[in-house]
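Convention: sequence-line order gives letters A, B, ...; per-chain numbering from 1. Note that the structure is a prediction, hence the values are computed from the model and not measured.
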There are 2 protein chains.
Amino acid sequence: MNEIKKMLDNENIKPTYERLSILQYLEKNHNHPTVAMIYEELVKKIPTISKTTVYNSLNLFMEKGIVAPLYITGSEVRYDLSTSQHHHFLCEQCGKIYDLTIDCPYLNKNTIEGHQIKQKHGYFRGICKSCLEKDKSQK
Amino acid sequence: MNEIKKMLDNENIKPTYERLSILQYLEKNHNHPTVAMIYEELVKKIPTISKTTVYNSLNLFMEKGIVAPLYITGSEVRYDLSTSQHHHFLCEQCGKIYDLTIDCPYLNKNTIEGHQIKQKHGYFRGICKSCLEKDKSQK
DNA sequence: TTCATATTTGAACTCATTACAAATATTAAA
DNA sequence: TTTAATATTTGTAATGAGTTCAAATATGAA
């Protein structure tokens, strides 16, 4: 919880209860949640919270670089704490998103062909190991 | 135009006028268009075409693997002919999407950590070379 | 306390995409 | 050629993520 407060302090973001709760959720749940998932969980604890606040906060965190968006599904944005750069795998069958640790030669670069890099996105999509095994045993 | 018909024949897709026109657009315009861009252009030539047909056709092409979706902007899907695998750069200032030729060690792989790969997405976002130069000269 | 500013809230809105049923075109059988 | 079955297209309505915006609330300084 102290770590989270520091993240906000470092970026001069006022640590309101809502913002702290959203960041705390992301720290505890590494499930690449949607806004709806964060909202549904937080509204249990903070009945007055609004979806707009979740959007506002996440957009602010993204601007400051402490939260990273994932565009992997194509239908809604997923969110992740910007800790270490890593790739992702989306299973098109069960919907689960896996973290991948890939030794990508561009992870530490900040320019490419003269363009200035702000975000890097490495996605794979397909059928995950677990679903492949389930499908095989059901055949 | 013959090439395009072959692509559809290979996948047993009936080459209707609408489908051919959509594929033809993608072959001639390498601008990673949205559905709206494709529709606006085609409706000039085919006044009766509907957006739903553009969506239907592109979804069919994607299933068959002859068109690849780009989720790079986060707000709407961009489309590309599935010719050679390559990475993309989105300029957050001018909105242009650049093709990148990157020697990625995973381009030819079809599994990763036991997961079966169907799609690979490599995106970079930031400020493009052209915008950087404009910004500098205006300072 | 009072005023100014920042944040949150909720309703209305935009826009991409899908669902669906009617209309049209195509193909095969009689 | 007719008829019937199937595939495709069309247009409207619905869905759902995300934004806009003004009112309400909280915060902080004078």
Worksheet entry | Closest listed nucleotide, where the reference is the side chain of A:T16 and the choices are D:dG11, C:dT7, C:dT9 | C:dT7
Discussion item. Which nucleotide wins on minimum distance to the side chain of A:K14, given the candidates C:dA6, D:dT19, C:dT8?
Written reply: C:dA6
Fill in: CG on A:N29 to CD1 on A:I38, rounded to 0.5 Å
9.0 Å
Worksheet item: With distance as the sole criterion, is a donor-acceptor pair present between the side chains of B:D135 and B:Q93 under 3.5 Å?
Response: yes
Worksheet item: Would you say the side-chain atoms of B:H30 and B:D99 include a donor-acceptor pair closer than 3.5 Å?
Response: no
Tell me the interatomic distance from [X], atom [atom1], to [N], atom [atom2], rounded to whole angstroms.
X	N	atom1	atom2	value
B:N56	D:dT12	CG	P	16 Å
A:R19	D:dT27	CZ	C1'	12 Å
A:Y39	D:dG16	OH	C1'	15 Å
B:Y17	C:dA25	OH	P	15 Å
A:N59	C:dA6	CG	P	18 Å
A:N12	D:dG28	CG	P	14 Å
B:L42	D:dT9	CG	C1'	14 Å
A:R78	D:dA17	CZ	P	11 Å

Looking for any heavy atom pair under 4.0 Å, which part of the strands does [X] touch: base, sugar-phosphate only, or nothing?
X	result
A:T53	base
B:T34	nothing
B:S75	sugar-phosphate

Fill in: Check: A:M7 main-chain N/O paired with A:K64 side-chain donor or acceptor under 3.5 Å
no
Worksheet item: Judged by atom type as modelled, is there a donor-acceptor pair below 3.5 Å linking the side chain of B:K96 to the main-chain atoms of B:C91?
Response: no
Worksheet entry | Below 4.0 Å: OP1/OP2 of D:dG18 and any side-chain N or O of A:Y55 | yes
Worksheet, complete the sentence: Assert: residue with more 5' nearest nucleotide on DNA chain C, out of A:E18 and B:V77, is A:E18
